[in-house]
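Reviewing the structure listed below.
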Amino acid sequence: MNVLVIGNGGREHAVIQALKKSPKVDTIYAMKGNAGIAKDAVLVNVDYCDVKAVGDWVDQHKEIDFTVVTPDDPLALGLVDELESRGHRAFGPNKKAAIIEASKAFSKELMKKYNIPTAKYETFSKYEEAAAYVAECDIPVVLKADGLALGKGVLICMTREEAQEGLKEMMLDKKFGAAGSKVVVEEFLVGPEVSALAFTDGKTIKPMITSCDHKRAKDNDEGLNTGGMGTFAPAPFYGEKTAKEVMEKIMLPTVKAMNAEGRTFKGVLYFGLMKTKDGMKVIEYNSRFGDPETQVILPMLKTDLMEIFEAVVDERLDEVEIEWEDGACVCVVLASGGYPESYEKGKEITFGDLDEEVILCHAGTAEKDGKIVTSGGRVLGVCAKGADVEEARKKAYANAEKISFDGMYYRKDIGIKYRDVVKE
Ligand code: AMP
Ligand code: GLY
């Protein structure tokens, strides 16, 4: 079958590399793709946030049998609904279900209503009421803009002054745009963080291996928040006991809650979790594969990804046994100088002599005059597998060092985090 993958990041390149291994898949199309994806797929230049334009394109291209929607924006805009209404098969939640990521106020209310463990919170639409609350609440405190804000709508405030200033920026100065007209003010939780992703067809939920993201730009989790500077899988503190707790108290209750709300979720549910002294708690839900989590999860998948995608769409996920490799995988993101703030594009990338086994996931790359140049903040994910995280990280870094472009930077400590956390 021929498959269209929506998106143009490292995550999509990881999905495409996994689909390429499937005997079921003939040609892969990517909307819009990048210079690396161009080697594995036919690029389609349509704005994927224009859901009608995507629907028209798929209508016109009868060769497409199946579409995979990975980014949050087209999911929240209802691209899966649009494709299904035209009779096409598509993987991803519909608009009603994608709200679990698109609105933090919705997801917090869902967790409160169905007793799913999360940080205590209050939601405000009026600045004066929020300011009065923040004047008295426990500190540190976390402020979250309600809508999608590219992972940047969260402020961790260590002092009351910071919280008051942050609230003003969100609600009065509209620093995060319309996303800031409603703000969630949340209790500050402490503990190691893990991304627990799972496939679900609304009846069955099957977890993937866990992974840990590194969101800050600089080593030791310093610097600004980014889309993610690297990942490793699996999380050392997430063993069978924690997996059981998360399945019983978080994953299954979430699937049931979405059904009870008439918002059956089909696709990838991403649980951003924290292991606190009071047990596992949900920090956030995403309605999709994580980036760069996917880059370390899918290389470890033994089962045919296309078979899983089809089983989810056909609501027979219970029939598929999902298997994972032992060992670990590490992804180091190479970023443009200045990211996540302003940065220059169009820098030529040289790759050196990379080990054959390294998995390169292109993110912000483009082809220009026969050369591969940078075209985004996160440029490449250099991924490697090993018997354990240590071996995988050595291989990933040995290859990252061989790549260069003007202004390139990367964190040197991916995979070191949580070494001292008690293993499970
Ligand atoms: P989010 O965009 O919701 O993933 O938040 C970004 C990051 O902020 C998370 O990965 C956490 O590291 C941190 N964070 C969010 N909520 C909390 C919380 N209630 N307590 C502590 N840290 C948090
Ligand atoms: N890596 C975080 C995310 O995909 O939201």
Side-chain angles (χ1 to χ4, degrees), residues 7 9-12 14-15 70-73 75-76 98 100-108 111 117-123 137-158 163 166 170 176 179-180 183-197 208 210-217 221-233 235 268-278 280-298 331 333 335 340 361 363 377-378 381 411 414 417-418:
R11 164 184 57 198
E12 285 73 20
V15 168
T70 23
D72 49 352
D73 288 328
L75 288 169
I100 198 164
E101 169 171 8
S103 167
K104 292 204 189 278
F106 170 85
S107 64
K108 292 300 292 189
M111 288 185 271
T118 187
K120 291 194 199 76
Y121 75 102
E122 296 289 337
T123 305
C137 72
D138 288 343
I139 297 292
V141 71
V142 182
L143 307 181
K144 299 187 173 183
D146 180 45
L148 294 175
L150 292 172
K152 297 184 189 99
V154 174
L155 295 178
I156 311 280
C157 305
M158 301 311 287
M170 275 188 185
F176 305 105
V183 169
V184 173
V185 182
E186 195 173 279
E187 170 199 12
F188 176 73
L189 298 177
V190 184
E193 272 186 82
V194 55
S195 305
L197 281 65
M208 305 184 205
T210 56
S211 56
C212 295
D213 192 5
H214 299 63
K215 286 194 171 137
R216 301 297 195 100
D221 287 337
E222 285 170 11
L224 295 170
N225 242 329
T226 71
M229 293 298 292
T231 32
F232 65 88
V268 172
L269 245 184
Y270 167 137
F271 301 82
L273 306 174
M274 202 175 260
K275 191 171 193 173
T276 74
K277 62 175 181 13
D278 305 317
M280 297 300 287
K281 295 200 177 176
V282 179
I283 292 282
E284 64 164 349
Y285 288 114
N286 290 325
S287 60
R288 52 171 174 82
F289 280 111
D291 189 341
E293 284 89 342
T294 310
Q295 290 89 315
V296 288
I297 294 171
L298 291 185
C331 171
V333 170
C361 292
R378 291 188 293 171
R411 277 182 60 160
I414 306 298
K417 190 153 121 167
Y418 304 146

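Heavy atoms only: backbone and side chains are in, while hydrogens, waters and symmetry mates are out. Every number for a ligand or one of its atoms is a count from 1 in the order of the listing.
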| Which ligand 1 atoms does Val154 reach within 4.0 Å, using its non-hydrogen atoms? | 1 (P), 2 (O), 3 (O), 5 (O), 8 (O)
| Test item: side-chain donor near acceptor, Glu293 and Ser195, under 3.5 Å | yes
| message | I want to check something: taking the side chain as every heavy atom from C-beta on, are Thr70 and Arg288 in contact at a cut-off of under 4.5 Å? | response | no
| task | Go through the side-chain N and O atoms of Thr123 and Lys108 and say whether any donor and acceptor fall under 3.5 Å apart. | result | no
| task | Could you list the atoms of ligand 1 found under 4.0 angstrom from a heavy atom of Phe188? | result | 20 (N), 21 (C)
At less than 3.5 Å, what protein N or O atoms come close to the N or O atoms of ligand 2? Include the distances to 0.1 Å.
residue	atom	partner	partner atom	Å
ligand 2	1 (N)	Asp213	OD2	2.7
ligand 2	1 (N)	Asp291	O	2.9
ligand 2	1 (N)	Glu293	OE1	2.8
ligand 2	1 (N)	Glu293	OE2	3.3
ligand 2	4 (O)	Arg288	NH1	3.0
ligand 2	4 (O)	Asp291	N	2.9
ligand 2	5 (O)	Asn286	ND2	3.2
ligand 2	5 (O)	Arg288	NH2	2.9

| query | For Gly223, does its backbone N or O pair with a side-chain atom of Arg216 as donor and acceptor, under 3.5 Å? | reply | yes
| Closest candidate by heavy atom, reference atom 10 (O) of ligand 1, pool Glu186, Arg216, Glu193 | Glu193
| message | Are Lys104 and Glu284 packed together at the side-chain level, in the sense that at least one heavy-atom pair is separated by less than 4.5 angstrom? | response | yes
| task | Record the part of Val142 in heavy-atom contact with ligand 1 below 4.0 Å; permitted values are side chain, backbone, both and neither. | result | side chain
| At their closest point, which heavy atom of Ala14 faces which heavy atom of Leu298, and how far apart are they? | O-CD1, 3.9 Å
| query | With a 6.0 Å cut-off on ring centres, are Phe271 and Tyr285 close enough? | reply | yes
| field | Under 3.5 Å donor-acceptor, Thr226 side chain and Lys215 backbone | value | yes
| query | Taking atom types as modelled and ignoring hydrogens, do the side chains of Ser103 and Asp146 form a donor-acceptor contact shorter than 3.5 angstrom? | reply | yes
| field | Side-chain heavy atoms of Asp138 within contact of Glu187, under 4.5 Å | value | no
| Ile156 heavy atoms, cut-off 4.0 Å: which ligand 1 atoms fall inside? | 8 (O), 13 (C), 14 (N), 22 (N), 23 (C)
| note | Contact region, Lys144 to ligand 1, non-hydrogen atoms below 4.0 Å, reads side chain
| query | For ligand 1, is there an N or O atom under 3.5 Å from any N or O atom of Met274? | reply | no
| field | ligand 1 atoms in contact with Lys215 (distance to a heavy atom under 4.0 Å) | value | 4 (O), 10 (O)
